[in-house]
Amino acid sequence: MAPSAITFLTVLAVLCSFFYVLFYISSRKHGKGKGEALPGPRPLPIIGNLHILGILPHQSLYHLAKKYGPMMSIRLGSVPTVVVSSPPVAEMFLKTHDAIFASRPKVQVLQSISNSQRGIAFTEHGPYWRSVRKICNMQLFTPSKIESFAPTRKEMLMHFTESLKEAATAKEVVNISKKLAEINGEMTLMMVLGPVKKYKEFNLMDLVEELTKIAGVFNLADFVPFLGAFDLQGIKASTRTLGEKLDYALEAVIDDHLQKKQDDFVGVLLTELDQTMNPNGDIMDRNSIKAIILDMIVGGSDTSAATLEWALSELIRHPRVMLKLQQELESIFGNKRIVEENDLPKLEYLDMVVRETLRLHPVAPLLVPRESIEDIVIDGYYIPKKSRVLVNIWAIGRDPNVWPNNVEEFSPERFIDSKIDLHGHDFELIPFGAGRRLCPGKKLGLITVKLILAQLVHCFDWELPDGMSPNELDMIENFGVSLPRKTNLRVKPIYRM
Ligand code: HEM
């Protein structure tokens, strides 16, 4: 080895040791006089505990919590992070001290995309976020707004069923993951943008898919800021190009709405354009509108599609549950060829199947990260301001102390006579989060998931290709913005009506 390389490595080793000592001391000293430091694995210099996350961070953290407990500390690069893995601790963060933990960390990718921190999901807690959330709640998520889109959902469901029926007649194998992504994408675009055909020319859903891929990567720049300049993962470069394309498409959406003066969601947002939104003086500008549109599209499509994909996978693996659900659907819909949205509340077993799917396959296994806005001591442990909080609901869903009967088994019957619902009050099951940041699309998401799942199961039997038996179907996850299957689900529909 050349002497210069040896010198370089020696200097690096000395520096690393120095930083390690500094880092270790600083990570312990915060608690001094204020509270204990939380238990957790020892962080390495610079990267902290980033190396332990692996490709499925929720699973790595689940195993780690068995050693360090339901409230543990890790360090992601320079970011102090608390990992929560039990219902009582989740309640402390998301209910008791929700006001302290209701903000979101800044994320590099989103800063360069249509100023996405002007939307809802990654906007810091405060008057701006409150105003935007209020507008969205009123214009998209009230029961009457959701209901007003029922006829269009029905029409889309009929086309969807027709295309599956054709595949069944031709005895084709269908990539149902892709089809579910398409129908959910279309339903969301229709609600957010109005008549969707025009926007197909911009390939908006393809761009959103690309965005979710990039945003799903653990970006070193978010945790080790000085590495941001080197763009080691190439994220900054690809985000710039994608950002330009998305901006172009969203600007066209806005111009189109300004011309036609439609009274859909974007149309309503535009009536507020350049107006003051609250006494704080926040303005609804074009960037706000673009960011809100994007948040709604990302929030609405991936989540429901992934939930459906897991639900169908579990039903195929559990023919007993599939049959029981088909019997319930028959008892309500008889031989009607399309399930009616109004009848969904009557379907108790369907509701249990969806709850069980979300217990084992929450699409946001660590929720969306929160960030604390001030120092706080919880249960005697000191948590500094700007700590990140990851609530591992994937781990809570697999905790045998919370779910005593065969925790790993897909068994909707566990919800018979159970009062645990999905509304964010029962911290054993919070797939939509809880507290101020609770998912605003919860009701819409549940209707969409139940409607499509009921239709898939009522009208079709499902077979795996190439004689594969149900228990051979893999259930490997792919961690990103949401948690879909790693491999697309390919199945043969058999029309049964
Ligand atoms: C099965 C369907 C869905 C699931 C499982 C889901 C799950 C979640 C979760 C876990 C959060 C974070 C909550 C927290 O931090 O405590 C969230 C936030 C959010 N979701 Fe959903 N979601 C679904 C459907 C939807 C739909 C249909 C929309 C909109 C069309 C939507 C829009 C949003 C938005 C905008 C946020 C950010 C809220 C904020 O930060 O204030 N979601 N969702």
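Both counts, for ligands and for their atoms, begin at 1 and track the order of listing. What's counted below: heavy atoms across the whole structure, side chains too, no hydrogens, waters or symmetry copies.
- Of all atoms in ligand 1, listed by their number and element, those nearer than 4.0 Å to a heavy atom of Ala364 are 10 (C).
- At the shortest separation from atom 1 (C) of ligand 1 among protein heavy atoms lies Thr307 OG1, 3.6 Å.
- A salt bridge links Glu340 with Lys154; the closest basic N to acidic carboxylate O contact falls under 4.0 Å.
- Among the atoms of Arg436, none of the N or O lies under 3.5 angstrom from an N or O of ligand 1.
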| request: Would you please test Ile254 and Leu250 for side chain to side chain contact (heavy atoms under 4.5 Å, CB included) and show each step? | output: CA-CA 6 Å; Ile254 291 181; Leu250 294 171; 5.6 Å; no
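- The closest protein non-hydrogen atom to atom 25 (C) of ligand 1 is Gly299 O, 3.2 Å.
- At a heavy-atom cutoff of 4.0 Å, ligand 1 is contacted by the side chain of Val363 but not by its backbone.
- Between Asp255 and Arg286 there is a salt bridge, since at least one side-chain N of the basic residue sits less than 4.0 Å from a carboxylate O of the acidic one.
- Taking only nitrogen or oxygen atoms, main chain and side chain alike, Arg104 reaches within less than 3.5 Å of ligand 1.
- Each of the atoms 10 (C) of ligand 1 lies under 4.0 Å from some heavy atom of Leu367.
- Note on ligand 1: Ile120 sits in its first shell, one or more heavy atoms being nearer than 4.0 Å.
- In this structure, the protein non-hydrogen atom closest to atom 24 (C) of ligand 1 is Thr303 OG1, 3.4 Å.
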| query | Going through the checks in order, is the side chain to side chain contact (heavy atoms under 4.5 Å, CB included) test met by Asp264 and Leu193? | reply | CA-CA 7 Å; Asp264 50 34; Leu193 304 181; over 6 Å; no
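- We find that Asp98 and Arg437 are not joined by a salt bridge, their nearest charged nitrogen and carboxylate oxygen being 4.0 Å or further apart.
- At the top of the distance list for atom 3 (C) of ligand 1, counting protein heavy atoms only, stands Phe432 CE2, 3.3 Å.
- Gly300 CA, 3.5 Å is the protein heavy atom nearest to atom 27 (C) of ligand 1.
- By the neighbour-count criterion of 12 heavy atoms within 6.0 Å, atom CD of Glu124 is sparsely surrounded, having that number or fewer from other residues, nucleotides or ligands.
- In this structure, atom 8 (C) of ligand 1 lies nearest to the protein heavy atom Cys439 CB, 3.6 Å.
- In summary, the atoms of ligand 1 found under 4.0 Å from a heavy atom of Ala434, numbered by their order in the structure, are 16 (O).
- Counting non-hydrogen atoms of other residues, nucleotides and ligands closer than 6.0 Å to CG of Asn203 gives a total above 12.
- Aromatic rings from Trp403 and Phe415 are positioned such that their centres are separated by under 6.0 Å.
- Of all protein heavy atoms, the one closest to atom 12 (C) of ligand 1 is Val368 CG2, 3.4 Å.
- At the shortest separation from atom 34 (C) of ligand 1 among protein heavy atoms lies Pro440 CD, 3.6 Å.
- We find that Lys419 and Asp426 are not joined by a salt bridge, their nearest charged nitrogen and carboxylate oxygen being 4.0 Å or further apart.
- For ligand 1, the atoms lying closer than 4.0 Å to a non-hydrogen atom of Arg370 are 14 (C), 15 (O), 16 (O).
- Among Phe122, Phe265, Trp129, Phe141, the residue whose heavy atom lies closest to atom 29 (C) of ligand 1 is Phe141.
- Under a 4.0 Å N-O distance rule, the pair Lys213/Glu210 does not qualify as a salt bridge.
- Neither the backbone nor the side chain of Lys442 has a heavy atom within less than 4.0 Å of ligand 1.
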| said: For a side-chain hydrogen bond (donor to acceptor under 3.5 Å, both in side chains) check, start with the C-alpha distance between Asp375 and Tyr382, then their side-chain angles and the critical distance, and finish with the verdict. | reply: CA-CA 7 Å; Asp375 291 354; Tyr382 171 71; 3.1 Å; yes
